[in-house]
Protein chains: 2
Amino acid sequence: MTQPKPFRDLCAEHGIAVTHQRQVLYEVMQGMEGHPSPEEVYARVREQIPSISLATVYKNIHLFVESGVLREVSLHHGSIRVEMNDEDHHHMVCSKCKAIADIGEDELGLETKRRMLPGGFLVERFSVDVIGICANCQREAAPSSSTRN
Amino acid sequence: MTQPKPFRDLCAEHGIAVTHQRQVLYEVMQGMEGHPSPEEVYARVREQIPSISLATVYKNIHLFVESGVLREVSLHHGSIRVEMNDEDHHHMVCSKCKAIADIGEDELGLETKRRMLPGGFLVERFSVDVIGICANCQREAAPSSSTRN
DNA sequence: ATTTCTGCAAAACCTTTGCAAGCCG
DNA sequence: CGGCTTGCAAAGGTTTTGCAGAAAT
């Protein structure tokens, strides 16, 4: 079992109260792929707690982000996105359809050696958005060579 | 002279009309350091065209972005940011004070060799946010070792 | 019992849109 | 002129805030 400290201890560590809403919010987010918006999270949590309010979702997402429980990602998107994936990874953003996919640090083929940058900036982590064209959009954009598609 | 095609030709290339507002907007943005928000750009343009409206600024920023005249950057910020810096560069975002500084592709020490990623994603460019602590915040956060500061 | 949290509703942004008048080509 | 652009004002969407009641420690 890899979750001996499910949620109570996370809350304890960060000095926040354990509420039913937070518990469900946390679990729902754990189970969501990709980069859900607050609205999307809200919709899912509602299935379990119909009376929850969007404001509560926002408040707790912020709380979680500030506590380091999860990570905020600012993609080339309009609204806040959040992700639970805590492995080092980055994002491929399709400039045509705006789809976002994760890509592992190693698959990316980036070498991130420096821990200190010019100007004395101390590196915590790298957040890479690879802008490009996803496989689907490449197919659509190549009408002639797609004969064998 | 490096600007033989100041603005008229840019517009011609992209098939958009040359208006006074666009001309001033473009020049103002050229002259702004960093990553101004639409509001900040608006404030500057207003100095020259007091009657300009924020809506016009938004419309034309979008037009410029779509035309490729400038680049939209989505940092770890709330609103759209824009930049004229068309050299390949990335951003250092301080997780304490949220300050943003540019860093050149080479200074970053990243090797970005691949043009194609797993899943058939065709790379156009990399947009790297380095999250970390800027020199100022490091000083403030180190009360003991800052004696000789 | 106190402090913290929730849900509601209103407010505060930020950004977009519709439209009449004006400018560009 | 005809079409694109502007400015205004209003609408739209997202996120935040204030507060009374409810839950947590």
Side-chain angles (χ1 to χ4, degrees), chain A residues 6-29 35-67 69-70 72-82 98, chain B residues 6-26 28 35-67 69-70 72-82 98:
Chain A
F7 185 66
R8 302 199 83 77
D9 301 272
L10 261 180
C11 290
E13 284 169 22
H14 298 293
I16 63 181
V18 181
T19 68
H20 183 218
Q21 286 84 342
R22 284 179 190 165
Q23 173 88 54
V24 171
L25 184 58
Y26 182 79
E27 280 166 9
V28 160
M29 288 176 121
H35 313 88
S37 65
E39 280 285 349
E40 286 163 346
V41 174
Y42 175 52
R44 289 280 209 99
V45 175
R46 257 181 143 175
E47 293 167 9
Q48 296 184 53
I49 312 178
S51 63
I52 199 171
S53 82
L54 183 56
T56 299
V57 172
Y58 270 100
K59 285 170 189 167
N60 285 319
I61 286 179
H62 281 147
L63 188 69
F64 288 164
V65 170
E66 284 157 23
S67 312
V69 173
L70 52 79
E72 177 184 351
V73 289
S74 290
L75 305 161
H76 290 159
H77 248 119
S79 68
I80 284 184
R81 300 285 157 145
V82 135
K98 308 296 180 194
Chain B
F7 184 67
R8 303 199 82 78
D9 301 271
L10 261 181
C11 290
E13 284 169 21
H14 297 293
I16 63 179
V18 182
T19 68
H20 184 218
Q21 285 85 340
R22 284 178 190 166
Q23 172 88 52
V24 172
L25 184 58
Y26 182 78
V28 160
H35 314 88
S37 66
E39 281 285 350
E40 287 162 346
V41 174
Y42 175 51
R44 289 280 208 101
V45 175
R46 256 183 143 174
E47 294 167 8
Q48 295 183 53
I49 313 178
S51 64
I52 200 172
S53 83
L54 182 57
T56 299
V57 171
Y58 270 100
K59 286 171 188 166
N60 285 318
I61 286 179
H62 280 147
L63 188 69
F64 287 164
V65 169
E66 284 158 22
S67 312
V69 173
L70 52 80
E72 176 184 350
V73 289
S74 291
L75 304 162
H76 289 159
H77 247 119
S79 68
I80 284 185
R81 300 284 158 144
V82 135
K98 308 296 180 195

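Convention: sequence-line order gives letters A, B, ...; per-chain numbering from 1. In what follows, every heavy atom counts, from backbone to side chain, and hydrogens, waters and symmetry copies are set aside.
- Between the CD atom of B:E40 and the P atom of C:dC14 there is a distance of 11 Å, rounded to whole Å.
- Here the closest heavy-atom approach between residue A:L25 and residue A:I61 is recorded as CD2-N, 4.4 Å.
- With sequence neighbours excluded, the residues that form a side-chain contact (heavy atoms from CB on, under 4.5 Å) with B:E39 are B:S37, B:Y42, B:L54.
- Picking from D:dT6, C:dG7, C:dT15 the nucleotide with the shortest atom distance to the side chain of B:T56 gives D:dT6.
- A heavy atom closer than 4.0 Å to some atom of DNA chain C occurs in no member of residues 43-51 of chain B.
- With axes fitted over five pairs at each extremity, the angle between the ends of the helix from C:dA1-D:dT25 to C:dG25-D:dC1 is 40° (10° resolution).
- B:I52 is not listed as a side-chain neighbour of B:P50, based on a closest heavy-atom distance of 4.5 Å or more.
- The distance between atom CG of A:L54 and atom P of C:dG7, rounded to the nearest whole Å, is 11 Å.
- We find that OH of B:Y58 is positioned 16 Å from P of D:dC8, with the value rounded to whole Å.
- Contacts of B:I52 with the nucleic acid, taken as non-hydrogen atoms under 4.0 Å apart, involve only primed sugar atoms and P, OP1 or OP2.
- Contact between the side-chain N/O atoms of B:R22 and the OP1/OP2 oxygens of D:dT6 is found at a separation under 4.0 Å.
- Considering only side-chain N and O atoms, A:S53 lies nowhere under 4.0 angstrom from the phosphate OP1 or OP2 of C:dT6.
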Please report, to 0.1 Å, the donor-acceptor pairs under 3.5 Å made by any side chain of residues 14-21 of chain B, with sequence neighbours excluded.
{"from": "B:H14", "atom 1": "ND1", "to": "B:S67", "atom 2": "O", "distance (Å)": "3.3"}
{"from": "B:H14", "atom 1": "NE2", "to": "B:S67", "atom 2": "O", "distance (Å)": "3.4"}
{"from": "B:T19", "atom 1": "OG1", "to": "B:R22", "atom 2": "N", "distance (Å)": "3.1"}

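- Atoms OG and CD1, from A:S51 and A:I49 in turn, are 7.0 Å apart once rounded to the nearest 0.5 Å.
- The aromatic rings of B:Y26 and B:F64 sit perpendicular to each other, their planes meeting at more than 60°, with 30° as the lower class boundary.
- Put simply, CE on A:M29 and CG on A:N60 are 9.5 Å apart, with the number rounded to the nearest 0.5 Å.
- The interatomic distance linking B:N60 (CG) with C:dT16 (P) rounds to 13 Å, in whole Å.
- At a threshold of 4.0 angstrom between heavy atoms, the contacts of B:Q21 are confined to the sugar-phosphate backbone, with no base atom among them.
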Legend entry - Protein-to-nucleotide contact annotation, 5' to 3' order, nucleotides 20-25 of chain C [B base; S sugar-phosphate only; - none; under 4.0 Å, heavy atom]: ----SS

Pull out every protein N or O sitting under 3.5 Å from an N or O of nucleotides 9-11 of chain D, one pair per line with the distance.
none

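- Spacing between atom NE2 of A:H62 and atom C1' of D:dT14 amounts to 11 Å, rounded to whole angstrom units.
- For the pair B:I61 CD1 and C:dC14 C1', the computed distance is 12 Å after rounding to whole Å.
- The distance between atom NZ of A:K59 and atom P of D:dT14, rounded to the nearest whole Å, is 19 Å.
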